[in-house]
Novice: 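This structure is in structure tokens; I'll ask about it shortly.
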Amino acid sequence: MITWRSIARTFQRHHAPLRAQVRQLSLLEHHSHNLLKEVRTPFTQPNSNAYTTQFKIPVPPGFVVTTPEKAKEVVSVLNGPSMIKAQVLAGGRGKGKFNSDGESGVRLVESPNEAFRNATNMLGYYLTTAQTPQDGLRVDKLYIYKAVSIAQEFYFAMTFDRQRAAPVLLISSAGGTNIEANMDNLHKLYFGLSTGITDEIDAYIQAELGFSDTEMKDIHRILVQMLKLFKEKDATLLELNPLVRSDEGEFICLDAKFGFDDSARYRQKELFGLEERSPEQEEEHQLAELGLNYVRLEGNIGNIVNGAGLAMATNDLISLHGGKCANFLDVGGSTTKEALSRAFRILKNDQRIKSILINIYGGIVRCDMIAEAIVAAAAEMGGFKCPVVVRLQGTNSEKGLKLIEQSELDNLVVEPEFEKAAQRVVKETPRVE
């Protein structure tokens, strides 16, 4: 059976990067740090100490700032070398570059004045990493914490192995930014959510990573707290990278990454309330609220279809004739005219889209209802500003095509044959190099 999950997996393997509607909540770093120590009142002021702890996974005290002046103030309060880290939902910040000064998204500063200068070149500018769009992501928040003297970096993570249908602990003595290049050092330890961190797991970790008996007590406590957090917050991923051993012998988490089960949203309302969305993700969120399935791609041809199988076939035909899709928007079988009109407005606001193909095979959804939505959307927007190709087949298709014909809309053409409709929309669209 073809589903939107299978589409996401297929395109992740063979096509441009995308964000499917079925996705997991991710948190910015400062939210992750607060969650590790379960901060009820976020640290937004340097003199704030209004918080309660539950998980007590060690992290350095940190503060979120949105202005260079505040960055200067925070580093003055920390009174020592400090780390300034761009807050974006993308990895590889330490190896990324800002479009302002070419420097990275993770910086060490020695003084308040240096913090001010660096924050000036980070806030409001775009950071590009291996995991961001080509133009990068705009940085509007910085997270600042006191620098830690690092003796060694480790990688600790909990996630699920779906092939084995079991949780797994991943550990490595080569943590930090190069973890992907050191996969040979990654150890997989399967465990039970009920049995937890056993003596056998502790013994294996101590033997492989060379911890002393005293250090292993700290590591065991961190693992137990990780598991507690993992279960209580419905996490699908809990990644501490790096977990460092300081020169003083303390274990401290400097960065963390989480993934959470979207189906647990109703149980984790406070947690999901922390979600911050990019403009592209906001489109996806709005469409999901309307009951529409949305997948974002990297081309410039917008698609409105009904059904996952038809979506994949539409993409294949457009690609075959030299075009590239900007998205798929599945209207499903029970969409209202109001929801469709809203969807058209969202596509209109996507500056990448230079043409739209509406490809509907009417079964549950009626083609005349789609036609009414097309005409209504055009009227609300003052007409279509880009070429729109419409293919309607199935239930009430003749009635729908007649409605479109009578509307006499500019920039809109009807093509009943599937392949010719794909060819026509590609012909009407500037090529994406």
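Along the sequence shown, residues are numbered consecutively beginning with 1.
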Novice: Please test Leu142 against Val64 for side-chain contact (heavy atoms from CB on, under 4.5 Å), starting from the C-alpha separation and ending with a verdict.
Specialist: CA-CA 6 Å; Leu142 302 175; Val64 179; over 6 Å; no
Novice: Would you say that Leu227 contacts Phe191 through its side chain, given a criterion of any heavy-atom pair below 4.5 Å between the two side chains?
Specialist: yes
Novice: First locate atom OG of Ser355, then atom NZ of Lys427, and finally report the distance between them rounded to the nearest 0.5 Å.
Specialist: 13.5 Å
Novice: Is a side-chain donor or acceptor of Gln393 paired with a backbone partner of Gly362 at a separation under 3.5 angstrom?
Specialist: no
Novice: Looking only at side-chain N and O atoms, does Glu419 offer a donor or acceptor that is under 3.5 Å from a partner on His321?
Specialist: yes
Novice: For the residue pair Glu200 / Thr198, report whether a side-chain donor-acceptor contact shorter than 3.5 Å exists.
Specialist: yes
Novice: When you compare the side chain of Ile304 with that of Asn359, does any pair of heavy atoms fall below 4.5 Å?
Specialist: no
Novice: Using side-chain heavy atoms (C-beta onward) and a distance below 4.5 Å, is Ile84 in contact with Met122?
Specialist: yes
Novice: Does any non-hydrogen side-chain atom of Pro242 lie less than 4.5 Å from one of Leu254?
Specialist: yes
Novice: Give a yes or no on whether the backbone of His30 and the side-chain of Gln87 come within a donor-acceptor separation of less than 3.5 Å.
Specialist: yes
Novice: Answer yes or no: is there a side-chain heavy-atom contact under 4.5 Å between Gln225 and Leu229?
Specialist: no
Novice: Please list, chain by chain and in numerical order, all residues satisfying side-chain hydrogen bond (donor to acceptor under 3.5 Å, both in side chains) with Ser194, sequence neighbours excluded.
Specialist: none
Novice: Is the backbone of Gly92 close enough, under 3.5 Å, to the side chain of Thr129 for a donor and an acceptor to pair up by distance?
Specialist: no
Novice: Determine whether the aromatic ring centres of residues Tyr143 and His33 are separated by less than 6.0 angstrom.
Specialist: yes
Novice: Under 3.5 Å, is there a donor-acceptor pair between the side chain of Asp255 and the main chain of Leu240?
Specialist: no
Novice: Can you see which heavy atom on Gly299 is nearest to which on Ala326, and at what distance?
Specialist: O-CB, 3.3 Å
Novice: Hey, could you give me the CD1/CG distance between Ile205 and Leu169, rounded to the nearest 0.5 Å?
Specialist: 5.0 Å
Novice: Compute the centroid of each ring, for Phe258 and then for Phe230, and state whether the two points are separated by less than 6.0 Å.
Specialist: no
Novice: Going by the salt bridge (Lys or Arg N to Asp or Glu O under 4.0 Å) test, which pairs reach into residues 387-416, not counting sequence neighbours?
Specialist: Asp368-Lys399
Novice: For Arg138 versus Val88, what's the shortest heavy-atom pair and its separation?
Specialist: O-CG1, 3.9 Å
Novice: May I ask you to test the Leu412-Val390 pair for a side-chain heavy-atom distance under 4.5 Å?
Specialist: yes
Novice: Go through Val148 and Val244 one step at a time and tell me if the side-chain contact (heavy atoms from CB on, under 4.5 Å) criterion holds.
Specialist: CA-CA 9 Å; Val148 176; Val244 304; 4.3 Å; yes
Novice: With distance as the sole test, does Ser172 use its side chain to make a donor-acceptor pair with the main-chain N or O of Gly175 at under 3.5 Å?
Specialist: no
Novice: Work out which heavy atom in Ser397 is nearest to a heavy atom in Cys367; give both atom names and the distance.
Specialist: CA-CB, 3.5 Å
Novice: Could you walk me through whether Arg296 and Asp350 pass the salt bridge (charged side-chain N to carboxylate O under 4.0 Å, His left out) check?
Specialist: CA-CA 11 Å; Arg296 182 182 174 87; Asp350 188 338; 3.7 Å; yes
Novice: Could you grab the distance from atom CG of Leu137 to atom OG1 of Thr132, nearest 0.5 Å is fine?
Specialist: 5.5 Å
Novice: Supply the atom-to-atom distance Leu238 CG to Met158 CE, rounded to the nearest 0.5 angstrom.
Specialist: 7.0 Å
Novice: Answer yes or no: does atom CZ of Phe160 have more than 12 heavy-atom neighbours from other residues, nucleotides or ligands under 6.0 Å?
Specialist: yes
Novice: Are any side-chain N or O atoms of Asn99 and backbone N or O atoms of Tyr126, one a donor and one an acceptor, separated by less than 3.5 Å?
Specialist: yes
Novice: Show the nearest heavy-atom pair for residues Ile301 and Val425, with the distance to one decimal.
Specialist: CG2-CG2, 4.0 Å
Novice: Any chance you could lay out the side-chain contact (heavy atoms from CB on, under 4.5 Å) test for Lys233 and Phe260, step after step, and finish with the verdict?
Specialist: CA-CA 8 Å; Lys233 298 299 182 180; Phe260 299 95; 3.9 Å; yes
Novice: Okay, side chain of Thr236, backbone of Gly259: is any donor-acceptor separation there less than 3.5 Å?
Specialist: yes
Novice: Look at Lys85 together with Glu29 and state whether they make a salt bridge at an N to O cut-off of under 4.0 Å.
Specialist: yes
Novice: Look up atom NZ in Lys188 and atom CD1 in Ile171, then write down how far apart they are to the nearest 0.5 Å.
Specialist: 13.0 Å
Novice: Ser319 side chain to Asp316 main-chain N or O, any donor-acceptor pair under 3.5 Å?
Specialist: no
Novice: Without swapping roles, check the side chain of Gln268 against the backbone of Glu232 for a donor-acceptor pair under 3.5 Å.
Specialist: yes
Novice: Going by the side chain to side chain contact (heavy atoms under 4.5 Å, CB included) test, name the single residue among Ile358, Asn303, Leu347 that passes it with Leu329.
Specialist: Leu347
Novice: Taking the side chain as C-beta and beyond, is there a heavy-atom pair between Ile353 and Asn300 under 4.5 Å?
Specialist: no
Novice: Any ion pair linking Glu69 and Lys72 (charged N to carboxylate O, less than 4.0 Å)?
Specialist: no
Novice: Pair Phe156, Phe251 - check ring-ring contact (aromatic ring centres under 6.0 Å, His included), show working.
Specialist: CA-CA 12 Å; Phe156 278 41; Phe251 288 96; 8.2 Å; no
Novice: Go through it in stages, so that I can follow the logic: the residues are Ile404 and Ile374, the test is side-chain contact (heavy atoms from CB on, under 4.5 Å), and I'd like the CA-CA distance, side-chain angles, deciding distance and then a yes or no.
Specialist: CA-CA 8 Å; Ile404 292 175; Ile374 293 171; 4.1 Å; yes
Novice: Rounded to the nearest 0.5 Å, what separates atom CE in Met83 from atom CD1 in Ile144?
Specialist: 11.0 Å
Novice: Do Asn118 and Arg107 get their side chains close enough for a donor-acceptor pair, meaning under 3.5 Å?
Specialist: yes
Novice: Please examine the side chains of Phe328 and Leu297, heavy atoms only from C-beta on, and report whether any two atoms are closer than 4.5 Å.
Specialist: yes
Novice: Donor-acceptor pair, Gln131 side chain versus Gly91 backbone, under 3.5 Å?
Specialist: yes
Novice: Can you give me the closest heavy-atom contact between Ser173 and Leu209, atom names plus distance?
Specialist: CB-CG, 4.2 Å
Novice: Looking at Leu357, Thr429, Val413, which one forms a side chain to side chain contact (heavy atoms under 4.5 Å, CB included) with Arg424?
Specialist: Val413
Novice: Checking side-chain polar atoms at under 3.5 Å, does Tyr204 have a donor or acceptor matched by the opposite partner on His187?
Specialist: yes
Novice: Of Thr314, Asn315, Ile360, which meets side chain to side chain contact (heavy atoms under 4.5 Å, CB included) against Val305?
Specialist: Thr314
Novice: Please check if any side-chain donor atom of Tyr190 sits under 3.5 Å from a side-chain acceptor atom of Asp161, or the reverse.
Specialist: yes
Novice: Would you name the heavy atoms of Ala308 and Asp330 that are closest together and state the gap between them?
Specialist: N-OD2, 4.3 Å
